[in-house]
Each structure stands twice: as C-alpha cells, then as structure tokens.
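See structure below.
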There are 2 protein chains.
Amino acid sequence: MSLDKSKEVDTRTRILDASGELFRRRGYSGTGLKAILAASDAAYGSLYYFFPGGKEELAAATLRAGGVVYRELVEAFFPEGGDVVNATQVFFEGAATMVEMTDYADACPIATVALEVASTSEAMRQAAAEAFESWLEVLERRFREAGISSVRAREVAVEFFCAIEGAFLLSRTLRSTAPIVIAGRASSAVVAAALAEPS
Amino acid sequence: MSLDKSKEVDTRTRILDASGELFRRRGYSGTGLKAILAASDAAYGSLYYFFPGGKEELAAATLRAGGVVYRELVEAFFPEGGDVVNATQVFFEGAATMVEMTDYADACPIATVALEVASTSEAMRQAAAEAFESWLEVLERRFREAGISSVRAREVAVEFFCAIEGAFLLSRTLRSTAPIVIAGRASSAVVAAALAEPS
DNA sequence: TACTGAGTAGAGCGATCACTCAAGTGCTCG
DNA sequence: CGAGCACTTGAGTGATCGCTCTACTCAGTA
C-alpha cells in the first residue's frame with residue numbers, strides 16, 4: 001500500500017478510532033453515525049464500504065478493537081514472571097491517572113456499550129463478552145504462573161475485573177479517583193492473600 | 001385523591017415505573033419516549049405535565065426513584081444490629097437470583113444510564129451520583145455500627161459497591177451468574193476481615 | 001489509451017426522534 | 001348550575017436518525 005506515508009492512517013482505522021472514543025463516552029444509541037464520520041473525516045460511502053452491516057457491525061468491530069487494545073495493556077502491566085501484587089497496584093494507579101487526565105470521560109472502552117446492548121443485540125453482546133473474557137484469561141494465566149491455584153486464579157481474576165469496572169463506574173459518576181485508589185489497594189491485597197494460600 | 005382504589009396507580013408513577021425498566025435495560029438514548037408512553041399507557045401531554053423538562057428531567061427523576069428503591073433494598077438486607085458478613089453474602093445471592101430470573105436484563109437501575117450520561121449531562125450525572133452516594137452511606141453506617149473503623153467502613157462500602165456493580169456488568173455480558181457468586185464470596189470475606197481488624 | 005476495481009463523496013430516503021399545543025375531560029367547589 | 005383546576009389527548013412540528021444509491025476520483029494494468 002504505502003511505503004513512506006508514516007503519518008497517514010487509512011480510513012477504516014480512522015473510523016474505528018473515532019467510534020471507539022465516541023461509543024465509550026456517549027454509548028451506542030447516543031452516538032450518531034454523522035458524529036463518527038465527522039470525527040474521522042470520512043463519508044457515508046466509506047463507512048458502509050468497510051462495514052456493510054452498518055452501525056451494529058461497526059460497533060461490534062469497535063468493541064473487538066477496544067478489547068484487543070486493553071488486553072495488550074493488561075499484558076504490558078503484567079509481564080511474564082513479574083510481581084503480580086505490584087502489577088495490580090500499578091495498574092489501578094495508572095487507571096486512576098488516565099481517568100483523571102481525560103476529565104472522567106475515558107475509562108473502559110467496552111462497559112458503556114456492553115450494559116446498553118446486553119439485552120438488545122446478541123452480536124454486540126458477544127463481542128463485548130469475548131473482549132472481557134480475553135482480559136480475564138490474561139489475568140488468570142498470570143495469577144496461575146505466580147503460584148495461585150487454578151480455581152483461585154480464575155476467581156481472583158474475576159474479582160480484579162469487578163473491582164476495576166465498578167470503580168470506573170463510581171469514579172466517572174462521582175467525578176473522583178478515590179474509588180479507583182480504594183479498589184486498587186483492596187485488589188492488590190486480595191492478590192497477595194491468594195498468593196499466600198496453600199497451593 | 002382516591003380512598004379505595006387500591007389497584008389503580010397514578011400516571012406519574014406508571015410513567016416512572018416504565019421508564020425505570022426501559023432505561024436500565026436499553027439505556028437513555030436507546031429508549032424512546034414513545035416506548036415509555038406505550039408501556040405506561042400515558043400520553044405525551046401527561047409526560048410533559050409531570051416532567052416539563054422533558055426526557056432529561058424524566059430520566060433524572062427515574063434515577064432518583066431507582067436510587068431510593070435500591071437504598072431501601074440495601075437497608076432491608078442490612079438491618080440495624082444485624083450480621084453484616086452474612087448480610088453481604090445474602091445480598092449477593094439475592095442479586096444473582098434476580099439477574100437470572102429477569103434473563104440478565106435487570107441489574108442496577110442506575111449504572112447503564114450513569115455510564116452513558118456521565119460525560120454528557122451534568123444534571124443526570126448528579127442524580128446518579130446522589131443515588132450511589134446514598135447506598136454507600138447506608139453500607140458505611142452499618143459497617144461502622146458493626147465495629148469497623150470510620151475510615152475502613154467507607155473503604156469497605158466502596159469495595160462492596162465496586163464488586164457488585166462490576167459483577168453486574170460481567171454477569172449481564174457473559175450471561176452467567178458466576179461473577180456475582182464469586183464477587184459475593186470475596187466481598188463477605190472482605191467485610192469479615194475488616195471486622196477482625198483492631199478498631 | 002481504455003478499462004477495472006478500490007475507495008470516496010454526499011444528496012436524498014422514509015422512519016423516528018423529542019417536543020408543542022390547542023382542545024378536551026372530569027372532579028370539586030361556590 | 002357554572003367557574004376553576006388538575007390532568008389527558010393525540011395530531012402535528014422540525015430535526016435528526018440510520019441507511020441507500022448514483023456518481024465520482026484515481027492508481028494500477030494491459
């Protein structure tokens with residue numbers, strides 16, 4: 001395609017980037033295609049060329065893309081063989097910083113849409129479920145590698161997830177990072193306790 | 001008004017009931033006024049008579065009403081002088097049952113709308129924040145009364161909230177009650193540990 | 001030069017959106 | 001009875017929704 005155009009980004013990616021930001025901030029129904037098109041400097045024709053299924057297909061693809069980005073983020077914070085207790089603490093601190101820096105707009109790229117469409121669109125619900133599941137798998141694997149039993153590793157991963165997602169919700173609603181800080185301390189304590197259990 | 005009409009419910013309440021169910025399931029933007037009107041068997045005029053501010057005022061009132069109902073629910077599960085560890089366990093079990101019985105549609109009456117409007121409508125964000133805060137206050141008070149220190153009581157209340165809200169999100173998305181069960185076990189353990197701390 | 005296919009462009013479509021408003025209904029008063 | 005008030009009714013408004021469709025640009029190829 002392009003050999004030296006390091007700055008230019010193709011239209012499909014621009015649309016996906018714009019929809020990712022808008023969907024997570026305003027939700028699925030709250031985001032119009034016109035807004036996405038304007039933000040990505042694209043036309044209707046391009047959107048329907050890349051996403052023939054329309055808004056729903058675009059949103060599912062956006063959820064998948066957001067899921068991958070966040071999974072890689074978790075992998076970056078939890079490197080193989082690293083200290084999972086410290087990683088947990090640092091992860092929550094990073095989340096608090098990000099939420100505050102974006103004025104409580106950007107938190108989870110999936111949650112807002114997931115709640116909105118869970119009882120409405122099976123295709124989108126599944127895309128969200130796969131994203132969440134991929135994060136849980138990374139966490140579970142790291143916890144297992146750190147010596148936590150298989151069963152407990154899954155549980156601790158779920159508890160980690162619930163803590164961060166609940167904290168995101170409360171933080172954005174109250175406009176305070178305190179819930180994320182509290183949830184972070186609690187979660188790293190939970191991970192530490194699980195590590196200390198007899199395997 | 002009415003002396004013996006035990007079955008009839010006034011229009012304002014019917015509208016609020018219908019909007020409560022629809023908003024929590026489909027979100028704010030995803031719910032049209034026509035759908036609310038049809039579900040509550042009311043007309044446009046009635047809606048704008050009781051909520052002159054239109055959809056936004058209706059949604060704020062709906063959030064407030066849902067907040068009260070849920071606060072009373074928490075108070076019912078956590079009676080004064082009761083066993084807070086057991087109450088936590090039973091609360092999560094009840095939540096799991098409710099979510100499953102409604103086919104993963106009804107969980108938190110606030111969360112879906114809160115995430116959607118947190119960065120969009122200050123009036124609605126505040127209504128959601130007040131609802132959440134009222135739940136936290138009930139939990140915090142009960143934990144304090146049970147002997148947990150003031151600072152820890154607030155933290156445990158926040159952790160409780162994050163656990164249940166995160167579990168609701170994961171449960172509805174995965175269509176499984178397992179996250180709620182796991183979060184319930186973890187939360188009651190957290191409460192028990194806080195009780196055991198030196199006051 | 002002519003052709004092809006990938007991608008762009010945006011006017012226009014019917015449907016639906018939140019909302020307004022003038023004309024009601026039925027109840028409680030004097 | 002009739003005035004006044006609380007509430008209801010639903011057709012109509014302009015705006016915006018997701019989406020379609022035809023026409024277009026332009027690089028690559030023969």
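Naming convention: chains lettered A, B, ... in sequence-line order (proteins, then strands); numbering from 1 in each chain.
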Among residues 16-39 of chain B, which contact DNA chain D at a heavy-atom distance under 4.0 Å?
-> none
Answer with yes or no whether the side chains of B/Glu197 and B/Ser149 bring together a donor and an acceptor at under 3.5 Å.
-> no
Over 12 foreign heavy atoms within 6.0 Å of CZ, A/Arg26 | no
Closest listed nucleotide, where the reference is the side chain of B/Tyr48 and the choices are C/dT8, D/dT20, C/dT20 = C/dT20
Applied to residues 23-42 of chain B, the ring pair (Phe, Tyr, Trp, His ring centres under 6.0 Å) test, sequence neighbours excluded, yields B/Phe23-B/Tyr28
Determine: side-chain N/O of A/Ser46 to OP1/OP2 of C/dT8, distance under 4.0 Å, yes or no.
-> yes
Quick one: is C/dC19 close enough that its OP1 or OP2 comes under 4.0 Å of any side-chain N or O from B/Tyr44?
-> no
Mind calculating the distance between CG (B/Asp10) and C1' (D/dT8) to the nearest angstrom?
-> 14 Å
Would you please name every residue forming a side chain to side chain donor-acceptor pair (under 3.5 Å) with B/Glu159, sequence neighbours left out?
-> none
Rounded to whole angstroms, how far apart are CZ on B/Phe51 and C1' on C/dT20?
-> 18 Å
Residue A/Thr11, side-chain heavy atoms: nucleotide from C/dG7, D/dG10, D/dG18 that is nearest = C/dG7
Any chance the side chains of A/Thr62 and A/Ser19 put a donor and an acceptor closer than 3.5 Å?
-> yes
Show your reasoning for whether salt bridge (Lys or Arg N to Asp or Glu O under 4.0 Å) applies to B/Glu145 and B/Arg141.
-> CA-CA 6 Å; B/Glu145 289 165 357; B/Arg141 188 177 321 120; 5.1 Å; no
Axis-to-axis angle across the helix from C/dT1-D/dA30 to C/dT28-D/dA3, five pairs an end, to 10 degrees?
-> 20°
What's the OH-P distance between B/Tyr49 and D/dT9, to the nearest Å?
-> 14 Å
So the ring pair (Phe, Tyr, Trp, His ring centres under 6.0 Å) pairs with at least one residue in residues 82-135 of chain A (sequence neighbours excluded) are A/Tyr70-A/Trp135, A/Phe77-A/Phe91, A/Phe91-A/Phe160, A/Phe92-A/Phe160, A/Phe132-A/Trp135, A/Phe132-A/Phe161
Taking atom P of C/dA6 as reference, at what distance in whole Å does atom CG of A/Leu47 sit?
-> 18 Å
Mind listing the closest non-hydrogen atom pair of A/Leu63 and A/Met124 along with its distance?
-> CD1-O, 3.5 Å
Rounded to whole angstroms, how far apart are CZ on B/Arg12 and P on D/dT8?
-> 12 Å
Do any N or O atoms of the protein come closer than 3.5 Å to N or O atoms of nucleotides 22-27 of chain C, and which pairs are they?
none

